[in-house]
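As the structure is a computational prediction, the values presented were derived from the model and not from experiment. Any value given below was found using the heavy atoms of this structure, including those in side chains, with hydrogens, waters and symmetry copies removed.
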Amino acid sequence: MSSFSVGLEKENQLAARMARANVREADIEETFVRSGGHGGQNVNKTSTCVQLRHRPTGIQVKCQQTRQQGMNRFLARNLLLEKIEAQRRNRELAQRQRVEKERRQKRPRSAGAKARMLADKAKRSSKKESRRYLERD
């Protein structure tokens, strides 16, 4: 008997995805609340809305897409995994950008850029030299 209202294959895919993302079922805090919106008496009487919170990251999701609690549990876990994976991708991207920026900053100047910089320095130096106060005899 599966804990979700989906096939065993989809449930196994979800479990494998959770394992790849290092998300344990013990790290997920699950609560059920009453849904709102369409659904008639069913949403008013049963707690079909699922709220999940991943304790290590603090990410929260809420799912009330269907009228079945089991299906909402499955969909909420998928949403949670998407958010966790997106957060990790963003963190890795930021790290890569930081490393790339440092690499660009430490790269030596090209010969042309170095020559232009030195020419500008010489020009500025001669301009300052001409402003110098001259002593009179």
Side-chain angles (χ1 to χ4, degrees):
M1 178 81 189
S2 77
S3 57
F4 306 116
S5 300
V6 294
L8 194 59
E9 185 181 330
K10 284 190 175 182
E11 196 170 326
N12 289 337
Q13 287 174 351
L14 177 68
R17 189 174 168 202
M18 286 176 70
R20 278 194 309 271
N22 282 338
V23 176
R24 296 185 349 234
E25 195 64 43
D27 292 339
I28 297 174
E29 185 179 303
E30 185 174 43
T31 55
F32 304 102
V33 294
R34 299 238 166 93
S35 297
H38 302 294
Q41 255 184 346
N42 185 59
V43 297
N44 296 329
K45 286 186 166 184
T46 60
S47 298
T48 56
C49 180
V50 179
Q51 289 180 333
L52 297 179
R53 185 173 150 259
H54 187 238
R55 288 186 194 107
T57 59
I59 295 175
Q60 288 185 316
V61 294
K62 187 176 182 179
C63 182
Q64 59 182 14
Q65 292 178 4
T66 67
R67 290 175 57 175
Q68 301 162 331
Q69 189 183 71
M71 181 60 88
N72 283 336
R73 289 180 70 209
F74 176 77
L75 294 172
R77 278 170 174 71
N78 274 327
L79 278 172
L80 183 68
L81 284 173
E82 286 173 14
K83 283 194 172 189
I84 290 171
E85 289 166 353
Q87 185 184 52
R88 286 183 182 155
R89 274 193 308 271
N90 289 341
R91 200 177 312 126
E92 289 168 3
L93 179 66
Q95 174 65 22
R96 248 186 275 127
Q97 286 176 339
R98 218 178 3 259
V99 168
E100 181 64 25
K101 183 178 179 184
E102 284 179 20
R103 193 180 66 75
R104 278 194 315 268
Q105 286 175 341
K106 290 179 180 179
R107 181 177 56 206
R109 287 194 174 94
S110 67
K114 199 170 188 179
R116 282 190 300 275
M117 182 193 65
L118 290 174
D120 287 342
K121 272 186 163 181
K123 186 176 176 184
R124 211 172 11 251
S125 173
S126 66
K127 193 188 291 186
K128 282 188 165 188
E129 186 67 35
S130 68
R131 293 184 194 148
R132 234 183 194 172
Y133 178 75
L134 297 175
E135 286 188 30
R136 293 190 186 176
D137 289 326

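- Closest heavy-atom contact between Leu79 and Lys62: CD1-O, 4.3 Å.
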| message | With side-chain contact (heavy atoms from CB on, under 4.5 Å) as the criterion, how do Arg109 and Met117 come out once you've worked through the C-alpha distance, each side chain's angles and the decisive distance to 0.1 Å? | response | CA-CA 10 Å; Arg109 287 194 174 94; Met117 182 193 65; 3.7 Å; yes
Going by atom type alone, with no hydrogens or angles, which donor-acceptor pairs under 3.5 Å involve a side-chain atom of residues 94-108 and a protein atom two or more places apart or on another chain?
{"residue": "Gln95", "atom": "OE1", "partner": "Arg98", "partner atom": "NH2", "Å": "2.6"}
{"residue": "Glu100", "atom": "OE1", "partner": "Arg103", "partner atom": "NE", "Å": "3.4"}
{"residue": "Glu100", "atom": "OE1", "partner": "Arg103", "partner atom": "NH2", "Å": "3.4"}
{"residue": "Glu100", "atom": "OE2", "partner": "Arg103", "partner atom": "NH2", "Å": "2.6"}

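- Applying the salt bridge (charged side-chain N to carboxylate O under 4.0 Å, His left out) test to pairs two or more places apart or on separate chains, those with a residue in residues 79-89 are Arg17-Glu85.
- Taking SG from Cys49 and CZ from Arg67, the interatomic distance works out to 14.5 Å, rounded to the nearest 0.5 Å.
- With values rounded to the nearest 0.5 angstrom, His54 atom NE2 is found 9.5 Å from Gln87 atom CD.
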| Test log, rule side-chain contact (heavy atoms from CB on, under 4.5 Å), inputs Gln64 and Thr48 | CA-CA 7 Å; Gln64 59 182 14; Thr48 56; 5.8 Å; no
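- The minimum heavy-atom distance between Lys45 and Arg34, with the atom names listed, is O-NE, 3.5 Å.
- Side-chain contact between Leu52 and Glu29 is absent, with no heavy atoms from C-beta onward closer than 4.5 Å.
- The distance from atom CZ of Arg73 to atom CD1 of Ile28, rounded to the nearest 0.5 Å, is 10.0 Å.
- Within a 6.0 Å sphere centred on CZ of Arg91, other residues, nucleotides and ligands contribute more than 12 heavy atoms.
- Of all non-hydrogen atoms in Ala76 and Val61, the two that sit nearest each other are O-CG2, 3.6 Å.
- The heavy-atom pair separating Lys123 from Ser126 by the smallest distance is O-OG, 2.8 Å.
- Residues meeting the side-chain contact (heavy atoms from CB on, under 4.5 Å) test with Thr66, sequence neighbours left out: Gln68, Met71, Asn72, Leu75.
- Side chain of Asp27 to main chain of Val23: no donor-acceptor pair is present (N/O by atom type, distance under 3.5 Å, no hydrogens or angles).
- Separating the NZ atom in Lys121 from the CZ atom in Arg116 is a distance of 15.0 Å, to the nearest 0.5 Å.
- Atoms CZ and CD, on Arg53 and Gln60 in that order, are 6.5 Å from each other to the nearest 0.5 Å.
- Between the CD1 atom of Ile84 and the CZ atom of Arg77 there is a distance of 11.0 Å, given to the nearest 0.5 Å.
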| task | Test Glu11 against Phe74 for side-chain contact (heavy atoms from CB on, under 4.5 Å), laying out the working first. | result | CA-CA 8 Å; Glu11 196 170 326; Phe74 176 77; 5.5 Å; no
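- Under the 3.5 Å distance criterion, the side-chain polar atoms of Arg55 are matched with a main-chain donor or acceptor of Ala26.
- Closest of all the heavy-atom pairs between Phe32 and Gln69 is CD2-NE2, 3.2 Å.
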